[in-house]
Visitor: 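Would you mind keeping the following structure in view while I ask a few things?
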Amino acid sequence: MTAALLAAGSGAAQAQVVISQVYGGGGNSGSTYTNDFIEIFNAGTTAQSLNGWSVQYASASGTSWQVTNLGNVLLQPGQYYLVQEAAGSGGTTPLPTPDTVGTIPMGGSSGKVLLANVTTAQTGACPSGAAILGLVGFGSANCPNPTGTLSGANAAIRKGGGCTDTGNPTSDFDVAAASPRNTATPAAPCSGPGVPAISVADVALAEGDAGLTPFIFTVQLSEPAPVGGVSFSYATANDTALAGTDYQSASGSGSIAETETSTTITVNVIANTNTEPNRQFLLNLTGINGAVPTSLTAHGIIQDDDIGTFNIHDIQGFGLTSPVAGQRVNTLSNIVTAVGPAGFFMQARDASIDTNPQTSEGIYVYTGSAPTVVVGDEVDLTGDVDEYFGTTELKAISNLTIVSTGNALPSPVMFDANTPSQDVNALSCVETNFECFEAMRVQIDNGIVARANPYFSTDNYAQIFVSASGTRSLRTPGTLYPLVPGVDNPDAGQFEGNPHIFELDADALGAVAPNTAITGGSRFTATGVVAYNFGDYEVWPTSFTVTEANPIPRAVSTGQPEELRIGSFNVLRLCDTLANTTFECGNGGEPDAAALTLKLSRLSDYVGNVLKLPDVLGVVEVENLGVLQMLSDKIATDFGVTYTSYLEEGNDGGGIDVGYLVRSDRISNVVITQFDKNEMWLDPRDNAMHELHDRPSLKLEGTFDGQSFATIIVHPKSRSCVDAPTGANCTQADVDRNRLKRFTQAQSIANRVQAEQMAQPTRPLFVIGDFNDYQFSDGFVNITGLIAGTYDNNKNVIDLPGANIVTPPLWDAVNSLPENEQYSFLYTEQFGAILGYTSASSFDQGRDVPIMQVLDHALLNGPAQNWFVEFEYGRADLDAADQDERNSTTAIGVSDHDGFVIRLNTTDRIFANGFDN
């Protein structure tokens with residue numbers, strides 16, 4: 001169907017009936033309308049019969065024309081006529097009721113349309129002659145003077161409502177959003193010689209303080225009135241202004257005498273001294289004779305000229321918007337609390353606040369340039385109350401007076417473990433967690449950085465995400481808010497998304513220098529004001545002090561020489577330079593030689609300086625043994641330690657596999673076994689059998705200091721499309737399938753784990769890797785619990801038949817860490833326009849919160865737990881500022897996971913943790 005229009009005209013200018021709109025994108029993928037259409041329009045001053053007429057279509061270079069006959073209709077001046085053509089499988093909106101229905105499938109990118117006063121199919125590329133009343137070509141049509149290219153959203157629309165007709169469609173048509181019109185659409189006659197255009201301008205005046213204020217509307221003609229003059233009816237109508245309260249209703253008849261060009265209509269506005277928003281009423285002209293159009297509307301805008309005096313809490317009001325938005329107000333005796341480059345914040349004195357904690361006592365004053373006030377000034381001012389993208393502010397400032405200087409600042413709100421609220425069902429500001437603190441001073445004594453600086457556009461070190469509670473933005477058990485737990489898992493609970501997390505723009509008011517990196521996990525104190533920017537609540541500090549920096553990188557403990565150290569690390573697609581996989585292996589394509597060399601150098605730095613050269617390192621997301629050996633060689637060069645590489649190819653379409661690096665100087669008797677590469681499952685996506693494991697698990701058996709042990713490294717299916725459907729790319733069928741595949745993979749791994757326990761009950765066993773799952777249930781499928789033997793059917797949507805497979809259960813070493821250290825992956829969750837957050841742009845869909853989560857686990861059986869000394873994540877990838885990661889040539893930011901190391905003592909048998917064998 002058609003997407004592009006080229007217009008070529010035939011015949012003289014100012015035709016009686018013209019083609020006014022052409023749309024051929026109907027039914028295409030992503031199109032607006034379900035059908036193609038052709039619209040015609042009577043641009044003349046007399047009615048025209050369409051009996052015996054037709055519209056016809058040919059391809060861009062075609063000579064054969066398809067015909068749709070028009071109805072026996074008398075088309076009035078200014079009247080539109082809609083011809084519906086063929087439909088496609090796409091489109092979201094049906095056309096208005098068509099006046100004629102055809103079946104022509106018009107070209108989607110090019111073609112030609114003509115209007116003829118015959119029904120005979122025309123021939124030739126660009127027909128002409130008396131029967132042809134107009135021709136419009138589009139796309140690559142071979143007739144002259146094309147319009148622009150169309151799309152599934154856009155049509156070629158004749159300018160002037162259909163009245164513009166110079167004979168050159170290139171200039172006569174705009175390409176704009178399709179807007180089909182039919183004979184039921186109000187007529188819009190064209191002016192012309194002897195038919196003047198009529199107009200009436202809006203009137204905007206101050207209402208006055210007493211009596212009546214006349215609003216005089218001028219009715220104007222484009223040329224002198226013709227013989228017989230121009231007549232019309234008029235009547236006022238309510239809009240935001242009310243008759244009898246704001247204005248006196250008026251109605252009657254009006255006229256403009258022959259040869260005259262204007263007249264007036266007076267509506268009296270009722271003046272008062274009440275402060276109120278600007279209001280407006282309507283003045284409608286109907287039944288216009290002797291001019292076009294035949295009806296029109298003007299607005300009477302009553303501008304309030306009464307300025308009341310309001311406290312800030314009355315301006316802010318209760319709720320998301322000001323109750324006096326749009327009014328001009330005075331506000332007095334407020335204290336300047338912070339000053340920015342184009343405005344300042346002010347707050348009521350403590351003695352002036354109200355008793356309602358839901359009304360903010362602060363407000364932002366927009367000055368447009370550097371303010372003349374300083375912190376501590378007491379000010380009076382007049383301004384307009386405006387809701388600027390969600391922020392209540394004062395603008396158009398006048399009468400700014402500095403009453404006194406050096407005043408004590410109003411007391412700040414304490415942000416702490418209770419404020420803002422951590423309970424999404426009991427938010428601090430009822431509907432939101434921050435609106436009632438908007439523009440107020442806040443103090444944070446125990447802040448912690450949840451996420452380091454992202455980068456945005458030209459701001460390389462943008463707003464950090466923080467908590468005032470002292471705890472980071474951690475994932476907790478349950479379904480993801482606002483999803484509701486299903487009836488099949490009533491015990492799952494709900495993860496509320498950490499509503500207390502907010503953004504902090506440290507350099508917005510100069511508290512820190514621009515381009516200051518602030519690492520995740522750092523602790524701080526701050527004082528500042530609550531702002532709202534790009535749909536998100538933020539704190540702009542006036543003071544900011546890091547009290548405990550989190551250095552990046554932060555290495556794990558080296559441990560003792562007699563300790564066995566086992567690690568795991570998702571290396572983020574370590575791929576060679578060959579494009580030989582079904583899907584791209586690398587992020588954005590396979591690396592070139594230079595990129596691979598840099599990646600190997602950075603990974604070597606991570607293994608050596610962050611993980612401190614563990615004895616066994618399970619690796620995840622490695623393309624093949626060759627590139628893993630390259631990493632081993634690089635580590636040997638950098639650190640003088642030789643690792644033997646082990647990897648078995650799996651089934652992943654992107655070529656990524658799991659493997660091991662093993663220190664041959666400390667580990668002996670190594671045996672590698674791949675599990676279940678050829679295990680199949682019935683995939684509901686196509687109801688066919690496919691490999692179950694994309695990255696089959698890999699077991700390592702070895703000996704350290706005379707003690708045997710075994711590890712199994714796993715990498716089950718990712719969490720994509722697990723929580724809920726997200727649109728066309730993630731349907732409910734995809735969700736159900738992905739949950740089932742994860743569950744089935746975990747069942748298979750659990751059977752292998754249990755077989756190992758039964759075969760070697762006294763041998764330490766470690767199940768390590770990127771589980772793509774939390775240490776608790778997400779409310780749907782807890783594959784970590786299934787592999788560990790702690791699966792709870794009441795907390796999951798898929799039931800495990802019978803008892804847990806793995807018994808005795810394994811212990812997850814992540815539980816040995818302090819709460820704030822329980823994370824190995826950072827995911828920014830998009831919660832949408834909730835809790836007072838708005839969708840500000842395509843990149844910011846509302847409330848976006850970084851969530852620290854554990855995806856990388858170490859599960860230990862009883863004998864392994866007896867050896868346990870310590871579990872640590874090496875910090876280099878999640879807590880650095882984005883810009884530092886982007887520019888890094890070291891371990892910082894080399895992966896999107898942090899790796900871990902377990903320290904194990906194979907000689908002593910009794911430890912402080914109480915385990916003993």
Visitor: Below 30° counts as parallel, above 60° as perpendicular, anything between as tilted: where do the rings of Phe771 and His857 land?
Guide: perpendicular

Visitor: Under a 4.0 Å threshold between the charged nitrogen and the carboxylate oxygen, would Asp657 count as salt-bridged to Arg695?
Guide: no

Visitor: Knowing that exactly one of Asp683, Asp694, Asp734 qualifies, which makes a salt bridge (Lys or Arg N to Asp or Glu O under 4.0 Å) with Lys741?
Guide: Asp694

Visitor: Using a strict threshold of under 4.0 Å (side-chain N to carboxylate O), is an ion pair present between Glu821 and Arg554?
Guide: yes

Visitor: So, for Tyr791 and Phe743, is the gap between ring centers shorter than 6.0 Å?
Guide: yes

Visitor: Using 4.0 Å as the upper bound for N to carboxylate O, is an ion pair formed by Asp665 and Arg663?
Guide: yes

Visitor: Look at Arg903 together with Glu872 and state whether they make a salt bridge at an N to O cut-off of under 4.0 Å.
Guide: no

Visitor: Between Lys677 and Glu649, does any side-chain N to carboxylate O distance fall below 4.0 Å?
Guide: no

Visitor: Would you check if the distance from the ring center of Phe868 to the ring center of Trp811 is below 6.0 Å?
Guide: yes

Visitor: Does a salt bridge link Asp615 with Arg666, judged by any charged N lying under 4.0 Å from a carboxylate O?
Guide: yes

Visitor: Is a salt bridge present between Arg472 and Glu819, judged by a nitrogen-to-oxygen distance below 4.0 Å?
Guide: no

Visitor: Centroid separation under 6.0 Å, is that true for the rings of Tyr606 and Phe569?
Guide: yes

Visitor: Please confirm whether Phe871 and Phe900 have ring centers closer than 6.0 angstrom.
Guide: yes

Visitor: Would Arg742 and Asp773 pass as an ion pair if we require N to O under 4.0 Å?
Guide: yes

Visitor: Can you tell whether the side chains of Asp882 and Arg886 come within less than 4.0 Å, N to carboxylate O?
Guide: no

Visitor: Would you mind reporting whether Gln853 and Ser473 have side-chain heavy atoms less than 4.5 Å apart?
Guide: no

Visitor: Does a side chain donor of either Ser748 or Glu679 reach within less than 3.5 Å of an acceptor in the other side chain?
Guide: yes

Visitor: Ion pair present between Lys795 and Asp491, side-chain N to carboxylate O less than 4.0 angstrom?
Guide: no

